[in-house]
A.B. asks: 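My questions will all concern the structure given below.
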Amino acid sequence: MIDVPMAIVAVDATGTVRCFNPAATALFGAALSLRPAVRIEGLIDGLALPSPVDEDALARFNGRGAGRAFLARQPPEAGVPVEVRVATFRVRGEPLMILFITDVSAREAAGATIEDLQQQVTRNWRLNSLGEIASMLAHELNQPLSAVVNFLDAARTLAGRELVDRSRVVHFITSAEQQAQRAGEVIRRLRALLARDSGFHAPEVVAEVVAEILPILSLSARETDAEVVVEVPDSLVVRCDRVQLQQVLMNLVRNAVDAPSNGRRRRVLITGAAIDRGLRMTVQDNGPGLDPDLRRRLFAPVTSTKPAGMGLGLSICRTIVEAHGGRIEVVPGTLGGAAFAFTLIDGDARVQG
Ligand code: ADP
């Protein structure tokens, strides 16, 4: 493979350049600088960047992955044809954009080999998101798969007894089967989440959505003798992805149950109420509360105080809630421990804007 350097420039939401690599310096020369700060649009003819928080505009900009053609200004010369692709990322909550700028005049000289380079870049991008999906899956599948093992274990113990209570054995095997199906469903819904597919959204009776996961929540709660109380009115209905709402609740309850003991029997309270165009739910506990050092980066991935924690639960919750047009935040609770509240905006209201 030949060495075709790709210029990489990070800019903020106003297009002001925040950092760049040596290949970008080679491409733009002294015109590219941090002091004085320059705007990337002044360096590339016709470039109009989308907003970093507008995913659709970003997808439109990147088109079908071919990269957009522009002319990079290189005074006093006429300019160099370039292709630009944009990706977004966040640094301490600030949305930034990273521009991958390929000098396409070099492509001609490089011939077909540049295709290899581009394929490799695309492959790397895909691998990155695959890594993200793999960790999300590992995190979310842990719970249903442990439940499968527990239920089958219970079934085996019962089946091994002299007097076999067949109905209880069948009950545990059925429960295991349901959890295995749930695992499959979680995979499908996570895939939909990452593809931003809202095809799974349907009007859901929230009390039923919660009741469905109560057995598995109780299983987690039983490990530490915790009590899970649900106060959700039967009348509460919201158009949402049922399995994803369950994932959010399971992650929040799991955290409430997992928090270190403070000597009191752990109580977890799940409440739900209608809000304008959607619903607001809270999950709170009477545990030790949140570590103050952690609060600022609580929802960022890989933030964990647990020895075996992946630090993904809250970040997955946030992804799901935001995909539902809602917000998740820490709120003052009434039980003395941690309290999280999240909103989900009804699918129909979201479509209507
Ligand atoms: P993980 O559960 O893998 O650690 P999370 O993103 O779900 O990842 O949680 C991040 C961290 O937030 C936890 O490690 C814990 O320190 C803190 N946390 C979350 N919920 C609670 C809670 N209910 N009580 C105390 N700490 C909590």
Side-chain angles (χ1 to χ4, degrees), residues 1 3-75 77 79-107 110 114 117-133 135 194 196 296-303 311-312 315 318-319 322:
M1 198 181 71
D3 182 21
V4 182
M6 183 181 278
I8 299 176
V9 179
V11 302
D12 65 18
T14 68
T16 304
V17 174
R18 299 287 285 270
C19 62
F20 47 85
N21 70 349
T25 312
L27 182 64
F28 294 105
L32 183 66
S33 76
L34 298 177
R35 273 190 213 92
V38 291
R39 296 191 57 210
I40 193 68
E41 278 144 340
L43 300 177
I44 302 180
D45 272 347
L47 178 70
L49 285 176
S51 152
V53 291
D54 185 344
E55 308 249 345
D56 290 340
L58 213 65
R60 274 198 304 278
F61 184 94
N62 286 326
R64 301 197 124 239
R68 285 278 193 94
F70 295 100
L71 206 62
R73 276 188 212 152
Q74 284 188 320
E77 292 137 53
V80 177
V82 289
E83 272 187 6
V84 180
R85 291 182 211 198
V86 181
T88 53
F89 65 110
R90 279 179 182 270
V91 173
R92 287 185 287 278
E94 184 192 7
L96 297 175
M97 279 178 284
I98 187 154
L99 275 64
F100 298 89
I101 306 164
T102 316
D103 176 345
V104 238
S105 60
R107 175 188 292 183
I114 194 143
L117 181 76
Q118 289 198 319
Q119 272 174 16
Q120 201 193 6
V121 171
T122 315
R123 211 164 34 235
N124 282 345
W125 278 358
R126 273 221 230 99
L127 280 178
N128 275 343
S129 48
L130 267 184
E132 191 183 328
I133 298 167
S135 353
L194 293 163
R196 297 194 167 66
R296 263 187 315 120
R297 54 199 162 91
L298 203 54
F299 293 96
V302 287
T303 295
L312 283 178
S315 132
R318 186 172 66 176
T319 306
E322 288 181 354

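The first residue of the sequence shown is numbered 1, and numbering continues consecutively from there. Every heavy atom of this structure was used, including side-chain atoms; hydrogens, water molecules and symmetry mates were not. As the structure is a prediction and not an experimental result, all values here were calculated from the model.
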A.B. asks: Side chain to side chain contact (heavy atoms under 4.5 Å, CB included), that's the test. Do Leu32 and Val17 meet it? Break it down for me.
C.D. replies: CA-CA 8 Å; Leu32 183 66; Val17 174; 3.9 Å; yes

A.B. asks: Between atom CG of Leu99 and atom CZ of Phe61, what is the distance when rounded to the nearest 0.5 Å?
C.D. replies: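 That separation rounds to 6.5 Å.
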
A.B. asks: Which heavy atom in Gly15 sits nearest to a heavy atom in Leu49, and how many Å separate them?
C.D. replies: CA-CD1, 4.5 Å

A.B. asks: By the definition side-chain contact (heavy atoms from CB on, under 4.5 Å), identify the one residue from Ile44, Ile8, Val80, Leu43 that meets it with Ile101.
C.D. replies: Ile44

A.B. asks: Could you walk me through whether Val86 and Phe100 satisfy the side chain to side chain contact (heavy atoms under 4.5 Å, CB included) test, starting with their C-alpha distance in whole Å, then the side-chain angles of each, then the deciding distance to 0.1 Å, before giving a yes or no?
C.D. replies: CA-CA 6 Å; Val86 181; Phe100 298 89; over 6 Å; no

A.B. asks: Would Thr16 and Val38 count as a side chain to side chain contact (heavy atoms under 4.5 Å, CB included) here? Give the steps.
C.D. replies: CA-CA 6 Å; Thr16 304; Val38 291; over 6 Å; no

A.B. asks: Excluding sequence neighbours, so at least two apart, what forms side chain to side chain contact (heavy atoms under 4.5 Å, CB included) with Leu96?
C.D. replies: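 For Leu96, the residues satisfying side chain to side chain contact (heavy atoms under 4.5 Å, CB included) (neighbours in sequence not counted) are Asp12, Arg18, Phe89, Val91, Glu94.
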
A.B. asks: Go through the structure and list residues passing side chain to side chain donor-acceptor pair (under 3.5 Å) with Thr88, not counting sequence neighbours.
C.D. replies: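 For Thr88, no residue satisfies side chain to side chain donor-acceptor pair (under 3.5 Å) once neighbours in sequence are set aside.
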
A.B. asks: Can you tell if the side chain of Thr102 reaches within under 4.5 Å of the side chain of Val82, non-hydrogen atoms only?
C.D. replies: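 Side chain of Thr102 against side chain of Val82, heavy atoms only: no contact under 4.5 Å found.
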
A.B. asks: What distance separates Thr319 OG1 from Phe299 CZ, expressed to the nearest 0.5 Å?
C.D. replies: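 CZ of Phe299 is found 11.0 Å from OG1 of Thr319.
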
A.B. asks: Roughly how far, to the nearest 0.5 Å, is the CG atom of Asp56 from the OG atom of Ser51?
C.D. replies: 11.0 Å

A.B. asks: So which pairs with a foot in residues 22-40 pass side chain to side chain donor-acceptor pair (under 3.5 Å), sequence neighbours left out?
C.D. replies: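 Sorted pair list: Arg39-Glu41.
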
